[in-house]
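Because the structure is predicted, anything quoted here is derived from the model rather than measured. Below, chain A is the first sequence line, B the second, and so on; all start at residue 1.
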Amino acid sequence: MIFGEAEIQQFLRLAQRGTEEKEREGALVSLRRGLQCPETQQTFIRLEGSIRTLVGLLTSNQALLQLEAARCLHELSHSEQSAVVEACLPATSYLLTYLSGHSSDFIELCLYTLGNLIVESEAVRRQLLPQGIVPALAACIQSPHLTVLEALGYALSQLLQAKEAPEKIIPSVLGSTLPQHMLQLLQPGPKLNLGVAVEFAWCLHYIICSQVNNALLITQGALSTLGLLLLDLAGAVQRTEDAGLELLACPVLRCLSNLLTEAAAEAVGGQLQLRDERVVAALFILLQFLLQKQPSLLPEGLWLLNNLTANSPSFCTSLLSLDLIEPLLHLLSVSNVVSVLVLTVLCNVAEKGPAYCQRLWPGPLLSSLLDTLAFSDTEVVGQSLELLQLLFLYQPGAAQAFLQQSGLQALQRHEEVAQLQDRVHALQQTALHG
Amino acid sequence: MQLPPALHARLAGAPGSAEPLPVERDPAAGTTPFSFAPRLVRFPREHDFFEDGDVQRHLYLQDVLTQVGGAPERPRVPEFTCQVAGCCQVFDALEDYEHHYHALHRNVCSFCKRAFPSGHLLDTHILEWHDSLFQILAERQDMYQCLVEGCTEKFRTSRDRKEHLVMRHLYPADFRFDKPRRSRGQDFAVDSRIIWRTDFSMGDFYKALSISPAVPGAAEQVLAEALGDDRAPSEGDAMEVCSEHVEPSPEPAGERRAYSHRIPSTICFGQGASRGFKSAKKRNKHQ
């Protein structure tokens, strides 16, 4: 609905000075409908005193007017125009103040409004930090209301995603009690709520991939919590057809993968969690789920598998003992990116030596490799060649079998490709002359 | 992608893993022209690898956000009145009542009936407005605490604190929950039988309600007078008590020190909400 200046002024006047409570509320409801429309938003912010009046109503002693005024602000916060969003700046100190109140609906609304404002404007973020948004959120995260928590997670995730977050925001978040509470809310168990967990898993992801102080998160038990959560997810995936689980799987896979690259992860690696082969079982159950529900997330799952197996004889052994090589090979036809990752994981296993290659042989591996050699993608072929070298080196009979299956012809195809030719020739030599 | 049937059982089984096979590397592995070495891979923010998952996240949020903020269809109930003594607000939805209660009755100063959005602000108010010991200490040391949670700065005067809020924390200069007390001696809950005097200018409409008269009916008179004026624009003091008269809770005579005189948390929403107040009412009746 497009309202002009005169109509907006009328609504505001009625809201402020009306005699009947219902009348005042009704005026704000009408105003809110208008503010769903960008033109009305523009007219509103250009009207002198309009925001001031709205903020006055937001802080008035009439609770229902407060609520309606907050809803009007919420509409404004949806705007993609920075002028509209920045017009809301006078309200932010109050939105933050109300986070330590008790009315869960109202707090939820304030949080979503803050989250929206945060996304759209660096000016808003620059004001919110000194106004104490981090301590305010840290206090609010102790709320028992799931709707509040989900809204808080949303607002925080937007704050953490800001481009200046690694320098200006994440350090103070890490210095607060927020990470501990976030991890608590990600603990698997009967109290785990999917909507809440999704938000905080994304928050963790933004913190972790910014690489500010991941060691701290590890000391707070992030690896352990996320590992258990992965197991829980795999269990949930088996039980239900819940479409939302991939929304949680994605950030969890990312967090775990990145955390595993931290030196501090080595130290906690001694804890059973990281040697626990249930993690591998869980990951494959999730890979199967992703293949059906969201194949574009397969690379993320395989990324974790790479980081689990790269330096771990234990997990490489698990892949073999749990019979997961064949399922892994099934993924080779999904996409080039997926194929490269699958081959990389296989290389992780093979490079550990003869005991491992022996368990990779015979089986479907050879025919899968001959298939991948038929790909045109250079990276896929290149990774296949690397794997072949390892197999020829560690597994007697591999080269022979390769020759017998017309491997040389498969190699010939790539003799002229710049990135591949040296390796192709080397393999040809090895196959022919041992 | 067929998973071995034993896998699901393994997931449900005990933690642990099989003994790792022996590792035995040949130095020729991964040497030129080959290059493979197992590597941990790390992806930083904004990496292209994250694009697909990020798009899904974005779509999910768009979905969620369109559902937020519109006034949901509240189940309507037969009209009922707020149970707090003296409040005659009427409701036809429980959620509306919940917000009203939390906004106006939950963190209320029992001296001056002002309502605050949080326990923290209420505590600060009681300390600064109604605690005589505070006033004494404030003459000698910095007692005015910054209102921003997490900031431990203290100040000599409320004016200094305001300046800090504005300069350091970018708060508005007219922040509603940081009103300075007008003058000394006015708001002390020393003896409820003393009548305080206040000015009744238009802007002080709400201030008028901070009187705790000993003479019943005096507040109503004040109220009636004030209501005759043009109601101050909502730029007036916010979070004052709702405009109906609220019975003062009687204080023992001569009590100087004000401890946490909040409305007791025995008020529970929706059930016997009048518990704490009814008894006060009864007490007054028998006096």
Compare every heavy atom of [Y] with every heavy atom of [X], then report the nearest pair and how far apart it is.
| X | Y | answer |
| --- | --- | --- |
| A:L64 | B:D96 | CD2-CB, 3.6 Å |
| B:L11 | A:Q238 | CD2-NE2, 3.2 Å |
| A:A426 | B:P33 | CB-CG, 3.9 Å |
| B:A18 | A:S321 | CB-OG, 4.5 Å |
| B:G53 | A:W202 | O-CH2, 3.9 Å |
| A:S314 | B:S17 | OG-OG, 3.5 Å |

Portion of [X] that has a non-hydrogen atom of chain B nearer than 4.5 angstrom:
| X | answer |
| --- | --- |
| A:S257 | backbone |
| A:A139 | side chain |
| A:Q211 | side chain |
| A:L128 | neither |
| A:L393 | side chain |
| A:L390 | side chain |

Given 3.5 Å as the limit, does a donor-acceptor pair link the side chain of [X] with the main chain of [Y], or not?
| X | Y | result |
| --- | --- | --- |
| A:E351 | B:A37 | no |
| A:N307 | B:V41 | yes |
| A:R254 | B:F50 | yes |
| A:T317 | B:L21 | yes |
| B:E149 | A:A136 | no |
| A:E386 | B:G30 | no |
| A:Q389 | B:A28 | yes |
| A:N258 | B:P44 | no |
| A:N306 | B:R39 | yes |

Just wondering, do [Y] and [X] contact through their side chains at under 4.5 Å, heavy atoms?
| X | Y | result |
| --- | --- | --- |
| A:S296 | B:Q56 | yes |
| B:V23 | A:Y356 | yes |
| B:F34 | A:L387 | no |
| A:F106 | B:E98 | no |
| A:H102 | B:N107 | yes |
| B:L61 | A:Q158 | yes |
| B:T32 | A:D422 | no |
| A:D105 | B:H99 | no |

What do you reckon, is CD of A:Q421 surrounded by more than 12 foreign heavy atoms closer than 6.0 Å? yes
More than 12 heavy atoms from other groups under 6.0 Å of CZ on A:R33: no
Heavy-atom pairs under 4.5 Å with chain B, option from [options] with the top count:
| options | answer |
| --- | --- |
| A:A138, A:S318, A:P166 | A:P166 |
| A:L291, A:T97, A:V55, A:I208 | A:T97 |
| A:P299, A:C250, A:G115 | A:P299 |
| A:S93, A:G382, A:G132 | A:S93 |
| A:E300, A:H330, A:H425 | A:E300 |
| A:A281, A:S176, A:P251 | A:A281 |

Does the side chain of [X] come under 3.5 Å of the side chain of [Y] through a donor N or O and an acceptor N or O?
| X | Y | result |
| --- | --- | --- |
| B:H102 | A:S103 | no |
| A:E21 | B:Q89 | yes |
| B:R57 | A:S157 | yes |

Top contributor to chain A interface from B:S35, B:G13, B:C151, B:A12 [non-hydrogen pairs under 4.5 Å]: B:S35
Contact class of [X] relative to chain A, heavy atoms under 4.5 angstrom:
| X | value |
| --- | --- |
| B:Y60 | side chain |
| B:H47 | neither |
| B:L165 | neither |
| B:R10 | both |
| B:V64 | side chain |

Kindly determine whether A:R52 and B:D174 satisfy side-chain contact (heavy atoms from CB on, under 4.5 Å), including the steps that lead there. CA-CA 11 Å; A:R52 195 164 171 71; B:D174 61 350; 3.2 Å; yes
A:Y112 meets the ring pair (Phe, Tyr, Trp, His ring centres under 6.0 Å) criterion, sequence neighbours left out, with A:Y154
By ring pair (Phe, Tyr, Trp, His ring centres under 6.0 Å) - contacts of A:Y394 (at least two apart): none
Return the CD to CZ distance between A:Q131 and B:R168, rounded to the nearest 0.5 Å. 13.5 Å
Hey, what do you get for CZ (B:R42) to CG (A:L260), rounding to the nearest 0.5 Å? 11.0 Å
How are the rings of A:Y94 and B:F175 set to each other: parallel, tilted or perpendicular (split at 30° and 60°)? parallel
